[in-house]
Every structure is written in structure tokens, then in C-alpha cells.
Enquirer: 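Structure incoming, see below.
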Amino acid sequence: MSSSAQLKIGDKTYDLPIIEGTEGEKAIDISKLRDQSGFVTLDIGYKNTGATQSGITFLDGELGVLKYRGYAIEQLAEKSTFIEVAYLLIYGDLPTTKQLTDFQYEISRHTLVHEDMKKFFDGFPSKSHPMGQLSSLVCSLSAFYPESLKSNQTKEELNLSIVKMLSKMATIVSWIYKKSLGHPVMYPQNKYDYVTNFLNMTFGQLTEDVVIDPVVVSAMNTLLILHADHEQNCSTSTVRIVGSSESNIYASVSAGISALWGPLHGGANQAVIEMLEKIKEDGGDTDKWINKAKDKNDPFRLMGFGHRVYKNFDPRAKIIKKACDDILEKLGINDEVLEIAKRLEEVALKDPYFVERKLYPNVDFYSGIIYRALGFPTDMFTVLFALGRLPGWIAQWKEMKQNKEPIGRPRQIYNGAVNREYVEIDKR
Ligand code: ACO
């Protein structure tokens, strides 16, 4: 294949280099196009725009392939743990036993959050959405750990900020949950691994010993692994672009949390359960709701269906669907909404509207049913997604810094008013 593409504008031809990734993806490099021709490209929603070259996650939306650092998601979900996957994403390779032990030890040294942070928790109304709290609290960490503000951190300082971010996030998420109940917070117990510690802080009680079920630990590990990274999605691109102005790790991750909150992104997991509950209350007529989703005059969309990149199937959804059956069976839970979800999927997968538009269940379609079975309330689902996505955000933020990427700053085509004369207010 040619190493460049030709773009003809008027009587001029521009040679644009072709870049090929290690998995065969091809891109036309337009980074010099404006300088050479005066033209920019226009791609609203970035459907065709590569914002970076990244060595972290590969996905093939046509074939339904997802790999972290070259390892298939199916293998990682089956064999690995969340903290091992976090190491893999952030540092590039699977850890040796020593590296993993050291990493876990480091994380366990920083699980406490500054006691003054509790005042922030106190300030939120008890029913305020956990994602708003999480975004604010994560950004607030920068006030307590100001060494993160240095934009030219040494390798050791950068690593410490990364470890602190990972450690404190689990504590903050569990404390948000405790606050919603009006319960006292549980402090981290460094004898536990990351996920058990998180679950203990979440479901443990000061008043009695609570044993965290290994089935729940295993399910949580699987869910967090499946959410850990997904290349340049909305929240990750946000983290990278905020970090590109040399904002600190807490501010960058906080921005990612805000981006994840929306129902078209991570907020879909909450929206799916709310939709399934609504369908249940409405009598469970899935055909009626499928028709609503197809009706262009009806704003209703089948939440948990469709994906910007996956146009065949979402490999994470396949794993989650199976995990959902297994976990509900192991926990002895019979959830009627699971049956509704399966019926919706079955009908949609045969319906020409969904088939033609290549709309399949995404990672969020079944995840909420598992979270619910594990004991989480609906409005915590997106926070759990954030906890899972954290290693990906960190890895992408670190890669952006190491690549010394320039500040992210898209162009636009201005189409507003031209040359208007100011009119005094009394004359308008
Ligand atoms: N229900 C009904 N119709 C849909 C759905 C859906 N869930 N998703 C897409 N469509 C239709 C659109 O109406 C459009 O139809 P048209 O061509 O007749 O106009 C067509 O399919 C293409 O949809 P777009 O919105 O253009 O696709 P895009 O790639 O921009 O959006 C998105 C992807 C946002 C995920 C979309 O499919 C959606 O809104 N899904 C529901 C929300 C959801 O589950 N989000 C989670 C995504 S996964 C994640 O972020 C973790």
C-alpha cells in the first residue's frame, strides 16, 4: 500500500502521510494540512478522527475484539484480578509476583483520605447524586495532596500521585455510599486486597462482623476488569484533553468522571435498570417498548443498546450476560428484570431496525442487574463504572504526558454572524 494519500483541492495536490497501527488500522495524517493548504477537516463527534497514537487498548468494532496491552479481554476477565489489570494498563506489562505484591503494598499505604475531606461529605445533601459528589471529591484531593500540582513531576512523584489516586478512589466511593445511608464510614483495612477492601468499606458495619462473600468479590473483579479501559471514549478523551493543559491527575480524572456521568456514556447503566423497571411496572410488554425505541417521534431509546464503535457485538456484553446468569444463580437471586432484558435483546436482535443500524447490547445492558444483585443501589452504578475505568484514565493520562502531547485544541468552522455594529441598549 502507498505510504501517502493525495488530497486534491482546486489545482493543488497535497501528499498526506498514511500511518498504520500494529493491528493494521490505517489513518491519514492531516497534522500539517492547515499549514499547507489553509483547510481544516470537519468531523463533528469525532466519528472519523484519531486523536492520538496509543499503545494501551485495541478494539475492533466490526469483529467485536477488545484487548488491553495485547491481552484479550476474555482471558483477562477469566484469569486476572482488577488490580493486576490496573498494573497492566498503567505500566504496560503483566506484573511479576514481586511487582504485584509491591504495587498492592503501595496502594494499601495510601487508602486513607485526609480527615478534613469528611467535611466535604457532610456538605452534600444526603440524596445528591453520587457522581456529582465523586467528581467534586476527586478534584478536592488536589487540595490535600498539593505535590500533584507540579506539572513537571519526577517519575517517583508521578507514580506516587497515581498510587494515591487509585488508593483513595475506593475509599471515597464507599464513603459516598455510606453517606447515602446515613451510616458511619468504614475505614480501610490494609490486610485486604483492593476489591475486598472496597467491598468491606461499602458493606461492612461498625456494629458487627460482615464476611464479604467470595462470589461477590469475584463478580466485582470481573465487572471492574471489563470496564477498566476502552481507548478514546468520551470520558477518556476528556481526561487526556484536560491533562494536556498540564492539569493535575485529580482534576483530569474528575473531569473524566463528569463526562462518564451522562446517560449516553457511563450513566447508561443506571438508565438501563430504570428503563427495565419501568417496563416491568408497565406490564412487561417488550414489543411495545421496542416499537417506542423505533419511533422517530418518540425520544425513547433502548438504553444499553448501540455503541459508537461496536457494530457487531460488544465482547464485554457477552461476558457480562454470562456472568449475570452465573452470579444470580450463585447468590440465589431471581430478578424479573433479567428476564425482561433477555426478551428485549431477543426481540431487538431480530428486528430489522436494530439489525440494519447494527445496534447490539453494550457493556451497560446487563451490568446493572449484577450490581443490583451484589447489593448496590441504582444511583451507585455509574460510580462503580468510574471505579473500574480509573486505571484506564490513569494509563491514558500517563501516556499522554509521556508522549509529550501538545495541548488539545480542536478547530471549528465558524458559522455565526459576521461584522455586526454594536447597538446601544436603549436602541435595541
Ligand atoms: N435505541 C434506538 N435507536 C438507536 C439507539 C438506541 N439505543 N442507538 C442508536 N439508535 C439509532 C439512532 O436513532 C440512529 O438512527 P437513524 O440512523 O435512523 O437516525 C442510528 O441508530 C445511529 O445512532 P447514533 O446516535 O447516530 O449513533 P452514535 O454512534 O452517535 O451513538 C450511542 C452511540 C450514543 C451509544 C447510542 O447508540 C445510544 O444513545 N445508545 C443508548 C445509550 C447507551 O446505551 N449508552 C452507553 C454506550 S456504552 C458506554 O458508553 C459505556
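We count ligands from 1, going down the list as the structure has it; atoms in each ligand are counted the same way.
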Enquirer: Using a strict cut-off of 4.0 Å, indicate which atoms of ligand 1 neighbour a heavy atom of F385.
Expert: 51 (C)

Enquirer: I'd like to know if the side chain of S237 reaches the main chain of Q232, judged simply by a donor and an acceptor atom lying under 3.5 Å from each other, with no hydrogens or angles considered.
Expert: yes

Enquirer: With K318 as the cation and F313 as the aromatic partner, state whether NZ or CZ is under 6.0 Å from the six-membered ring centre and within 45° of the axis.
Expert: yes

Enquirer: Select one of side chain, backbone, both or neither to describe which atoms of N362 lie under 4.0 Å from any atom of ligand 1, heavy atoms only.
Expert: side chain

Enquirer: Taking OH in Y353 as the centre, count heavy atoms belonging to other residues, nucleotides or ligands within less than 6.0 Å. Is the count above 12?
Expert: yes

Enquirer: How about atom 8 (N) of ligand 1: does it have a protein heavy atom within less than 4.0 Å?
Expert: yes

Enquirer: Which of these, N190, T171, N197, sits in a side-chain hydrogen bond (donor to acceptor under 3.5 Å, both in side chains) with T111?
Expert: N190

Enquirer: With the threshold set strictly below 4.0 angstrom, can you tell me whether any protein non-hydrogen atom sits that near atom 31 (O) of ligand 1?
Expert: no

Enquirer: Report, in ascending order of atom number, the atoms of ligand 1 lying under 4.0 Å from any heavy atom of A268.
Expert: 43 (C), 44 (O), 45 (N), 46 (C)

Enquirer: Taking the six-membered ring of W175, is NZ or CZ of K178 closer than 6.0 Å to its centre and within 45° of its axis?
Expert: no

Enquirer: Answer yes if the ring centres of F376 and F381 are under 6.0 angstrom apart, and no otherwise.
Expert: no

Enquirer: In the protein, what heavy atom is nearest to atom 48 (S) of ligand 1, and what distance, to one decimal place, separates them?
Expert: H307 CD2, 3.6 Å

Enquirer: To check your reading of the model: name the closest protein heavy atom to atom 50 (O) of ligand 1, its residue, and the distance in Å.
Expert: H265 ND1, 2.9 Å

Enquirer: Name the closest protein heavy atom to atom 1 (N) of ligand 1, giving the residue it belongs to and the distance to 0.1 Å.
Expert: L302 N, 3.1 Å

Enquirer: Report the part of V272 in contact with ligand 1, treating N, CA, C, O as backbone and CB onward as side chain, heavy atoms under 4.0 Å; options are side chain, backbone, both, neither.
Expert: neither

Enquirer: Could you check atom 42 (C) of ligand 1 against the protein and tell me its nearest heavy-atom contact, residue, atom and distance included?
Expert: M303 CE, 3.4 Å

Enquirer: Where is the nearest protein heavy atom to atom 27 (O) of ligand 1: which residue, which atom, and how far?
Expert: K47 NZ, 4.6 Å

Enquirer: Tell me the protein heavy atom at minimum distance from atom 10 (N) of ligand 1, and give that distance in Å.
Expert: L359 CD1, 3.6 Å

Enquirer: Check each of F305, F365, Y353 against atom 3 (N) of ligand 1 and report the one with the nearest heavy atom.
Expert: Y353

Enquirer: Salt-bridged, K322 to D326, with N to O below 4.0 Å?
Expert: yes

Enquirer: Report the member of K311, K294, R308, M275 with the shortest heavy-atom distance to atom 28 (P) of ligand 1.
Expert: R308

Enquirer: Compute the ring centroids of Y91 and F103, then answer whether they are less than 6.0 Å apart.
Expert: yes

Enquirer: Could you tell me whether atom 22 (C) of ligand 1 has a protein heavy atom closer than 4.0 Å?
Expert: no

Enquirer: Any ion pair linking E346 and K350 (charged N to carboxylate O, less than 4.0 Å)?
Expert: yes

Enquirer: Which is closest to atom 37 (O) of ligand 1 by heavy-atom distance: A348, S235, A271, G306?
Expert: G306

Enquirer: Of all the non-hydrogen atoms in the protein, which one sits nearest to atom 45 (N) of ligand 1, and at what distance?
Expert: L264 O, 3.1 Å

Enquirer: Hey, does the side chain of D314 reach the backbone of R316 with a donor-acceptor pair shorter than 3.5 angstrom?
Expert: yes

Enquirer: I need the atoms of ligand 1 closer than 4.0 Å to a non-hydrogen atom of A293, numbered in the order shown.
Expert: 2 (C)

Enquirer: Heavy-atom distances under 4.0 Å are what count here, so tell me which part of K296 touches ligand 1: side chain, backbone, both or neither.
Expert: side chain

Enquirer: Is H230 near ligand 1, meaning one of its heavy atoms is under 4.0 Å from it?
Expert: no

Enquirer: Do me a favour and list the nearest non-hydrogen protein atom to atom 24 (P) of ligand 1 with residue, atom name and distance?
Expert: R301 NH2, 4.2 Å

Enquirer: Heavy-atom contacts with D364 under 4.0 Å: which atoms of ligand 1 show up? List them by number with element.
Expert: 46 (C), 49 (C), 51 (C)

Enquirer: Would E147 and Q153 count as a side chain to side chain donor-acceptor pair (under 3.5 Å) if you check the C-alpha gap in whole Å, the side-chain angles of each, and the deciding distance to 0.1 Å?
Expert: CA-CA 8 Å; E147 73 281 358; Q153 288 179 303; over 6 Å; no

Enquirer: Compute the centroid of each ring, for Y360 and then for Y310, and state whether the two points are separated by less than 6.0 Å.
Expert: no

Enquirer: Numbering the atoms of ligand 1 from 1, which are under 4.0 Å from a heavy atom of V363?
Expert: 51 (C)

Enquirer: What part of R357, side chain, backbone, both or neither, has a heavy atom within less than 4.0 angstrom of ligand 1?
Expert: side chain

Enquirer: Does a salt bridge link D335 with K280, judged by any charged N lying under 4.0 Å from a carboxylate O?
Expert: no

Enquirer: For ligand 1, which atoms sit closer than 4.0 Å to a heavy atom of G304?
Expert: 43 (C), 44 (O)

Enquirer: Look at the side chain of S135 and the backbone N and O of M131, then say whether any donor-acceptor pair between them is shorter than 3.5 Å.
Expert: no

Enquirer: Is there a donor-acceptor contact under 3.5 Å linking the side chains of T57 and D229?
Expert: yes

